[in-house]
Amino acid sequence: MRTKLLFTVVWIGLGILIQSCGKDDDNGGVEEKKEYELPAPEVVISNPVPCLNEEVEFSFKTDEKVSPVWNFGDEASSGEKTVTHRYAKEGTFKVSLELSDGQGGTVKVDTTVSVMGRRLNDALDDLINDPSKKWICAHRANTYYGKRIGNIPENSVEAVQRAITAGAEMVEVDVKTTLDGVPVIMHDDVIDRTTNGVGAIAEMTLSFLKRFKLKAENGDLTTSTVPTLEEILVAGRGKVFYDLHLGAVNVADIISIVESLHMLDRVAFYRGSSKTSAKEITDINPQCIVFPYVKSTSVIDYWAEDPRIKMVQLDYNGDIAGDIVAAARAKGMVSFANYLYEPGEAILKGDHSTLDEIINLQVQIIQTDYSEYVRPYLK
């Protein structure tokens, strides 16, 4: 009897022990979640190099069913799949996207957004609202240092960089096209004056053109080569605005390059006074900012119909220059005038008479080869 009871007790105890071990093995019957990495999503950013306060759209693509958490690098975050964000400060921001499927699967992807400068028309609005403010546009990106001291060629990457250092708000550069269809920066149709080569740009491939070196103002040969449009734009993106003078070029190609660099809101396209030429630009992309030359007050209303046009060029020597400036201002546009060649050289001798004339007309953007001389006088 005792033996039978002892056997029963041992059997029951063994069962309890086995059951207990089973519970330990399966975590009390609750399945343990295992962490694993999800496939990385494709992150889509509408503009990775935006201007200040520009709306940027962030989204991602994945086949997984996930919950997102965006961190924009400036203390802002979002849990939406598609979200817009504006940056109020310049700088490079680390953007992270974390995804989770709620079952232990996660993935994190990092990228960057570089916020550089303002949009051209936002900055022009400041000029319109404060007539006392003046801008300098560096003609062919020239500066006094570049032309007279530093041997920096006109229309070069180095010239743009120096113009920024000299305090220019805008640079004017001239666009031509090579035989193989690449937009490059050169004022003349031929390279005889500005390089150690000869011939027409339109008859040279880019690789052939790059063999030649640019000359400085005094004729000295430099190490610089003829820049492409892309090279010249990247050199000053976010630091200076651009006035692109379009020669015999494929306009669609030019616009495509500017758009690919996310710079349509930092560039003004100049093709003179022709309404047809201007319309060709905006027909290709209505986001383009056209910069027209104005010869009379009668055309101000026409240009003012395009809300993106906030800047017009005029001849300060014209009999009705003052009327054009006033008419443009009444329509919310600032005026631009050239202070170049012999009149512009006079400032180097201390003669400010022509510059005073331009200032007295209330022209707010002055194009010069000598930013370092004009800037202090404007102040």
Side-chain angles (χ1 to χ4, degrees), residues 120 137-142 146 152-161 163-164 168 170-195 197 199-210 212 214-215 224-237 239-274 276-285 287-293 308-309 311 313 336 338 340 365 367 369:
L120 172 57
C137 178
H139 176 238
R140 302 179 195 171
N142 280 325
I152 299 175
E154 67 180 43
N155 275 320
S156 66
V157 166
E158 294 80 4
V160 169
Q161 293 168 338
I164 294 168
M170 178 177 285
V171 293
E172 178 263 347
V173 292
D174 306 275
V175 187
K176 300 291 189 293
T177 303
T178 63
L179 180 63
D180 49 344
V182 181
V184 295
I185 305 303
M186 176 74 66
H187 176 269
D188 303 352
D189 292 329
V190 298
I191 66 172
D192 305 39
R193 177 181 67 87
T194 54
T195 77
I201 293 174
E203 297 175 358
M204 301 178 185
T205 63
L206 177 65
S207 61
F208 186 81
L209 182 61
K210 284 287 190 178
F212 304 109
L214 289 169
K215 292 179 182 178
S224 303
T225 60
V226 178
T228 65
L229 173 61
E230 181 171 349
E231 288 169 342
I232 210 84
L233 290 176
V234 170
R237 180 169 57 189
K239 302 173 184 177
V240 71
F241 299 115
Y242 286 85
D243 164 14
L244 294 189
H245 278 220
L246 305 185
V249 297
N250 185 318
V251 177
D253 289 346
I254 306 301
I255 295 172
S256 177
I257 290 173
V258 176
E259 184 176 19
S260 72
L261 296 172
H262 303 280
M263 292 182 67
L264 282 178
D265 49 6
R266 311 174 201 223
V267 168
F269 296 90
Y270 179 86
R271 299 190 80 188
S273 60
S274 170
T276 301
S277 295
K279 189 174 184 299
E280 180 185 356
I281 294 172
T282 53
D283 280 350
I284 293 171
N285 190 322
Q287 294 304 304
C288 291
I289 300 172
V290 175
F291 171 35
Y293 187 92
R308 293 181 64 82
I309 298 179
M311 176 174 64
Q313 183 172 343
F336 175 116
N338 289 333
L340 302 171
I365 304 177
Q367 181 166 230
D369 287 312

Interatomic spacing from [atom1] in [X] to [atom2] in [Y] - rounded to 0.5 Å:
{"X": "Glu280", "Y": "Leu246", "atom1": "CD", "atom2": "CG", "result": "9.0 Å"}
{"X": "Arg308", "Y": "Gln287", "atom1": "CZ", "atom2": "CD", "result": "4.5 Å"}
{"X": "Asn155", "Y": "Ser224", "atom1": "CG", "atom2": "OG", "result": "12.0 Å"}
{"X": "Ile365", "Y": "Phe241", "atom1": "CD1", "atom2": "CZ", "result": "10.0 Å"}
{"X": "Thr205", "Y": "Leu209", "atom1": "OG1", "atom2": "CG", "result": "8.0 Å"}
{"X": "Asn285", "Y": "Glu259", "atom1": "CG", "atom2": "CD", "result": "5.0 Å"}

Counting only N and O atoms by type, is there a donor-acceptor contact under 3.5 Å from the side chain of [X] to the main-chain atoms of [Y]?
{"X": "Lys176", "Y": "Val249", "value": "no"}
{"X": "Arg140", "Y": "Asp174", "value": "no"}
{"X": "Ser156", "Y": "Pro153", "value": "yes"}
{"X": "Ser260", "Y": "Ile257", "value": "yes"}
{"X": "Asp243", "Y": "Val267", "value": "no"}

I'd like to check [X] versus [Y] (side-chain heavy atoms, cut-off strictly below 4.5 Å). Are they in contact?
{"X": "Ile255", "Y": "Phe269", "value": "yes"}
{"X": "Glu154", "Y": "Arg193", "value": "yes"}
{"X": "Phe208", "Y": "Leu179", "value": "no"}
{"X": "Ile185", "Y": "Val175", "value": "yes"}
{"X": "Leu340", "Y": "Gln367", "value": "yes"}
{"X": "Leu229", "Y": "Ile232", "value": "yes"}

Nearest heavy-atom pair of [X] and [Y]: which atoms, and what distance?
{"X": "Tyr270", "Y": "Phe291", "answer": "CD1-O, 3.1 Å"}
{"X": "Leu214", "Y": "Pro227", "answer": "CD1-CD, 4.4 Å"}
{"X": "Arg266", "Y": "His262", "answer": "NE-O, 3.6 Å"}
{"X": "Thr177", "Y": "Ala248", "answer": "OG1-O, 4.1 Å"}
{"X": "Ser273", "Y": "Tyr293", "answer": "CB-O, 3.2 Å"}
{"X": "Leu264", "Y": "Cys288", "answer": "CD2-SG, 3.9 Å"}

Within 6.0 Å of NZ in Lys210, more than 12 heavy atoms from elsewhere: yes

Heavy atoms of other groups near Glu230 CD, more than 12 under 6.0 Å: no

Qualifying residue for side-chain contact (heavy atoms from CB on, under 4.5 Å) with Tyr242, from Glu172, Arg237, Met263, Met170: Met263

